[in-house]
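Here is how names work: the chains are called A, B, and so on, in the same order as the sequence lines, proteins then strands, and each is numbered from 1.
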Amino acid sequence: AQTVTQSQPEMSVQEAETVTLSCTYDTSESDYYLFWYKQPPSRQMILVIRQEAYKQQNATENRFSVNFQKAAKSFSLKISDSQLGDAAMYFCAYRGIYNTDKLIFGTGTRLQVFP
Amino acid sequence: EAGVAQSPRYKIIEKRQSVAFWCNPISGHATLYWYQQILGQGPKLLIQFQNNGVVDDSQLPKDRFSAERLKGVDSTLKIQPAKLEDSAVYLCASSLERNTEAFFGQGTRLTVV
């Protein structure tokens with residue numbers, strides 16, 4: 001079975017600085033998707049960035065980028081130029097391709113942004 | 001474009017009572033998911049529908065939980081009878097088709113006392 005592990009329950013960053021959130025996963029599949037979701041107090045899960053496992057190039061979305069290390073099964077999220085609005089819970093998630101399309105989530109990292 | 005709508009936003013019930021949650025997915029989305037998010041954990045899939053058929057309900061506690069998606073649009077999730085450990089946020093999500101981006105609603109926070 002696939003698992004997703006986020007070992008940082010909480011992280012904090014100063015406004016305008018850079019922070020990296022860690023995620024590791026376990027799977028026997030060769031093709032899959034990885035995601036980072038943001039969950040603000042409103043509870044709505046918002047997709048931040050996604051990575052296809054077959055792509056070697058790391059995904060980027062404006063201030064958000066990932067470091068995808070397939071062999072190490074590592075998928076970290078880097079937030080550059082942090083803003084107060086980035087404060088939220090961040091969840092790493094895995095989705096297989098062939099047998100299921102359910103999302104498997106980690107336990108989340110609470111990010112605090114200080115002015 | 002309207003997002004995924006869920007109601008109610010909050011619900012408090014006593015154990016052994018029943019409760020129902022409602023979800024209206026984004027128009028045209030064929031796939032609908034119900035996730036349970038217990039405090040301090042990530043969401044866990046309870047059930048997935050493709051149109052009005054069930055794709056995956058392997059983690060749904062079928063002795064007390066039920067869900068339906070009549071006419072392949074709106075869906076309801078019911079718990080009867082509720083237990084203390086059912087206290088959680090219940091998130092509904094929808095996607096255009098399987099294996100496409102899932103969009104989430106704001107969830108229903110259930111407290112069982």
Side-chain angles (χ1 to χ4, degrees), chain A residues 1-10 21-26 29 31-54 59 61 64 75 77 88-111, chain B residues 2-11 21 23-26 29-50 53-60 87-111:
Chain A
Q2 294 81 18
T3 58
V4 176
T5 301
Q6 293 179 253
S7 58
Q8 304 158 317
E10 287 194 11
L21 308 184
S22 301
C23 172
T24 58
Y25 60 94
D26 190 29
E29 298 177 328
D31 287 330
Y32 46 86
Y33 295 100
L34 296 166
F35 305 84
W36 278 98
Y37 280 88
K38 173 184 178 181
Q39 187 178 42
S42 68
R43 300 196 303 259
Q44 186 173 20
M45 300 288 276
I46 301 165
L47 179 64
V48 174
I49 198 166
R50 90 174 205 171
Q51 175 80 42
E52 291 90 346
Y54 64 88
E61 285 287 344
F64 299 88
F75 183 62
L77 174 70
M89 285 291 293
Y90 284 82
F91 289 93
C92 179
Y94 171 101
R95 191 181 79 198
I97 290 179
Y98 300 113
N99 297 322
T100 179
D101 53 349
K102 72 180 178 186
L103 289 163
I104 299 171
F105 289 88
T107 51
T109 297
R110 180 175 302 281
L111 178 66
Chain B
V4 177
Q6 289 189 247
S7 68
R9 287 274 284 158
Y10 302 91
K11 189 76 177 177
F21 313 127
C23 173
N24 179 235
I26 293 172
H29 280 198
T31 311
L32 186 146
Y33 312 80
W34 282 102
Y35 284 84
Q36 179 193 56
Q37 185 178 15
I38 293 173
L39 186 65
Q41 299 181 19
K44 181 187 77 174
L45 180 72
L46 290 176
I47 189 167
Q48 176 185 343
F49 291 95
Q50 179 70 14
V54 174
V55 173
D56 184 352
D57 64 356
S58 58
Q59 296 190 87
L60 186 74
S87 294
V89 173
Y90 291 84
L91 294 165
C92 179
S94 70
S95 61
L96 190 61
E97 283 296 339
R98 294 187 63 177
N99 281 318
T100 58
E101 182 181 347
F103 294 85
F104 285 80
Q106 292 186 304
T108 296
R109 180 181 296 281
L110 172 68
T111 302

Best-contacting candidate, Ala93(B), Ser95(B), Ala102(B), Gly105(B), against chain A by heavy atom pairs under 4.5 angstrom: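 Answer, by heavy-atom pair count under 4.5 Å with chain A: Gly105(B).
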Which of Gly42(B), Pro43(B), Gly40(B) touches chain A most, by non-hydrogen pairs under 4.5 Å: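 Most heavy-atom pairs within the cutoff with chain A belong to Pro43(B).
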Main-chain N/O of Gln44(A) paired to Gln106(B) side chain as donor or acceptor, under 3.5 Å: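 It does not hold such a pair.
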Derivation of the side-chain contact (heavy atoms from CB on, under 4.5 Å) call for Arg43(A) and Gln37(B): CA-CA 10 Å; Arg43(A) 300 196 303 259; Gln37(B) 185 178 15; 6.0 Å; no
Straight-line distance of Leu46(B) CG to Lys102(A) NZ, nearest 0.5 Å: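 Leu46(B) atom CG to Lys102(A) atom NZ measures 10.5 Å (nearest 0.5 Å).
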Option in Gln6(A), Met89(A), Arg95(A) with maximal non-hydrogen atom pairs under 4.5 Å from chain B: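 Highest number of pairs under 4.5 Å: Arg95(A).
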Intermediate values then yes/no, side-chain contact (heavy atoms from CB on, under 4.5 Å), Leu103(A) and Tyr33(B): CA-CA 10 Å; Leu103(A) 289 163; Tyr33(B) 312 80; over 6 Å; no
Result of checking Phe104(B), Tyr35(B), Phe103(B) against Met45(A) for side chain to side chain contact (heavy atoms under 4.5 Å, CB included):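 Going through Phe104(B), Tyr35(B), Phe103(B) one by one, the side chain to side chain contact (heavy atoms under 4.5 Å, CB included) with Met45(A) is satisfied by Phe104(B) alone.
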Heavy-atom contact with chain B under 4.5 Å, split by part of [X]:
X	result
Ile46(A)	neither
Phe35(A)	neither
Gln39(A)	side chain

Part of Thr100(B) lying under 4.5 Å from any heavy atom of chain A: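 The backbone, not the side chain.
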Part of Gln50(B) within contact of chain A (heavy atom distance under 4.5 Å):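 Neither; nothing under 4.5 Å.
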Arg9(B) atom CZ: more than 12 heavy-atom contacts under 6.0 Å: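 More than 12 within 6.0 Å, yes.
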